[in-house]
Amino acid sequence: MIKDITQYFRKEMFPHIWCPGCGNGIVLGAILRAIHSIGWEKDEIVMVSGIGCSSRITGYVDFNTMNTTHGRALPFATGIKMANPKLKVIAVMGDGDCAAIGGNHFIHSARRNIDITAIIINNMIYGMTGGQYSPLTPTGKYGSTAPYGNIDQSFDLAALAASAGASYVARGNIFDVSQITRFIKKALLKKGFSVVEVISDCPISFGRINQLRTPVQMLEWIKSISVSKKVWEKLSKEEQVGKIPTGEFLDIDIPEYTEKYQNICINIQQERRGK
Amino acid sequence: MSLKGNLKNYENEKILITVNEEWCKTCGICLHFCPKKVLVANEKGYPEAKNIADCILCMLCELRCPDFAIKVEKKESIVSHGQQNRDLED
């Protein structure tokens, strides 16, 4: 792994705006290290984001970037990919952005299996707007709109993406940075819709109300709830409550959308010439 | 290093640790998770490589730093006139 990733920064934007200990910076580092080890040029990468703390990532990197409307990172990314399939399109989303506001776009992008890498930074809360609970807040955890504990079930994004038709699905956490770097690298190189969910922290909006006030406490908590997929499968139903499995959940090769579209175009053109 | 800001260098004959105090937000992640307790907070809370002799170059502080404020380098990868060689792989 090549160490210096500062060449990808828009340095005038630093120091960045995120709170002390925010996992977004750790995930950004992992994405840049993955891109650096692949060796892609800056100009062939497009990074698209929606709205939220995590979506500010596009402002700090010197690729082709686009900050779009809330939850609509994937539709914009789909448009970019269809217009120029040679581009490497990365969509970075937060948990609310991806699973709530953009939930429908997420499952349909997975269903199409279009060659986009979706990186979801899951801090389990709407951090930017003041700590409202999101579809990924674990049951029983507190939010500013769940002062007595969240009674909703949270989404299993990995299972959702896998069943919707994605070709690569993995989940990691910000504690194990080399693992998420590896997953992101694999996802970037995968032809088809690839999803990497990263369990992240939010010491301000999530931590304060859940007695995890410092970034260190939050990271220790993330470490304690994360178990590898193999270990998780051996746990009993009671033991699985409150734990999050990490690892690679799906890695298959299925036909990709832009390629199928190109093939149809070529076939029709040949048919017409034949007539 | 092309980063602007208040750079503090800590080094011995093998290792160079650079802390960018302008970017650092003193979150304490590097201090707590350093397996060899190389890093110690100074009076302002910024990390200081007090026990640099113990550093095992695990890079965990650099990987986990959310602010890109700490950098650990092996001395062999530094060219004599101070310009750093970016092409070395781990």
Side-chain angles (χ1 to χ4, degrees), chain A residues 1-34 36-37 39 53-54 57 60-61 121 123 173-182 200-204 207 213-220 222-223, chain B residues 1-7 15-35 37 39-41 44-47 55-79 82-90:
Chain A
M1 194 189 301
I2 303 159
K3 278 172 279 173
D4 194 73
I5 48 169
T6 55
Q7 56 164 316
Y8 297 113
F9 288 159
R10 289 177 181 148
K11 291 204 185 75
E12 67 278 9
M13 303 293 285
F14 279 80
H16 58 58
I17 200 170
W18 295 312
C19 309
C22 178
N24 291 340
I26 304 177
V27 181
L28 174 58
I31 295 172
L32 295 180
R33 281 183 196 99
H36 198 144
S37 68
C53 295
S54 55
I57 271 189
Y60 297 117
V61 287
I121 304 176
N123 61 2
N173 62 51
I174 54 165
F175 188 79
D176 197 343
V177 185
S178 45
Q179 187 191 47
I180 55 171
T181 312
R182 206 166 62 240
S200 182
D201 64 348
C202 181
I204 306 297
R213 284 174 168 272
T214 65
V216 169
Q217 281 175 312
M218 278 239 58
L219 254 77
E220 292 277 15
I222 288 171
K223 185 185 164 193
Chain B
M1 190 183 267
S2 50
L3 312 176
K4 59 171 188 179
N6 192 6
L7 298 179
I15 301 158
L16 170 68
I17 299 177
T18 313
V19 178
N20 185 343
E21 294 195 352
E22 200 176 303
W23 288 16
C24 176
K25 293 179 183 139
T26 64
C27 67
I29 289 176
C30 56
L31 303 173
H32 185 83
F33 292 106
C34 179
K37 302 284 164 229
L39 301 164
V40 178
K44 285 179 188 163
Y46 295 118
C55 182
I56 50 168
L57 286 160
C58 67
M59 304 284 171
L60 285 176
C61 53
E62 188 181 320
L63 289 172
R64 290 207 185 107
C65 177
D67 298 293
F68 308 96
I70 192 161
K71 200 163 164 49
V72 183
E73 282 165 301
K74 222 176 173 177
K75 272 279 177 75
E76 287 92 328
S77 67
I78 299 169
V79 183
Q83 203 192 348
Q84 288 141 10
N85 185 358
R86 306 290 183 217
D87 304 321
L88 273 184
E89 293 242 348
D90 279 353

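Fair warning: this is a prediction, and the values are worked out from it, not measured in the lab.
- Looking at B:Arg64, its side chain does come within 3.5 Å of a backbone N or O of A:Phe175 through a donor-acceptor pair.
- For the residue pair A:Cys22 and B:Pro66, the shortest heavy atom distance occurs at O-CB, 3.1 Å.
- Remark: the backbone N or O of A:Pro15 is not paired with any side-chain donor or acceptor of B:Lys25 at under 3.5 angstrom.
- Highest contact tally toward chain B, considering only A:Ala30, A:Gly23, A:Pro203, A:Pro215, is held by A:Pro215 [criterion: heavy-atom pairs under 4.5 Å].
- When all heavy atoms are compared, the tightest approach of A:Pro20 to B:Cys27 is C-CB, 3.8 Å.
- Residues B:Phe68 and A:Thr6 are not in side-chain contact: their nearest non-hydrogen atoms beyond the backbone lie 4.5 Å or more apart.
- In this structure the side chain of A:Gln217 never reaches within 4.5 angstrom of the side chain of B:His32, judged on heavy atoms.
- Atom CD1 of A:Ile17 sits in a sparse spot, with 12 or fewer heavy atoms from other residues, nucleotides or ligands closer than 6.0 Å.
- A:Ile180 does not touch chain B: none of its heavy atoms, backbone or side chain, sits under 4.5 Å away.
- For the atom pair CD1 of A:Ile5 and NZ of B:Lys71, the computed distance is 8.0 Å after rounding to the nearest 0.5 Å.
- Taking CD1 of A:Ile174 as the reference point, atom CG of B:Leu63 lies at 12.5 Å (rounded to 0.5 Å).
- The local environment of CZ in A:Arg10 is crowded, with over 12 non-hydrogen atoms from other residues, nucleotides or ligands closer than 6.0 Å.
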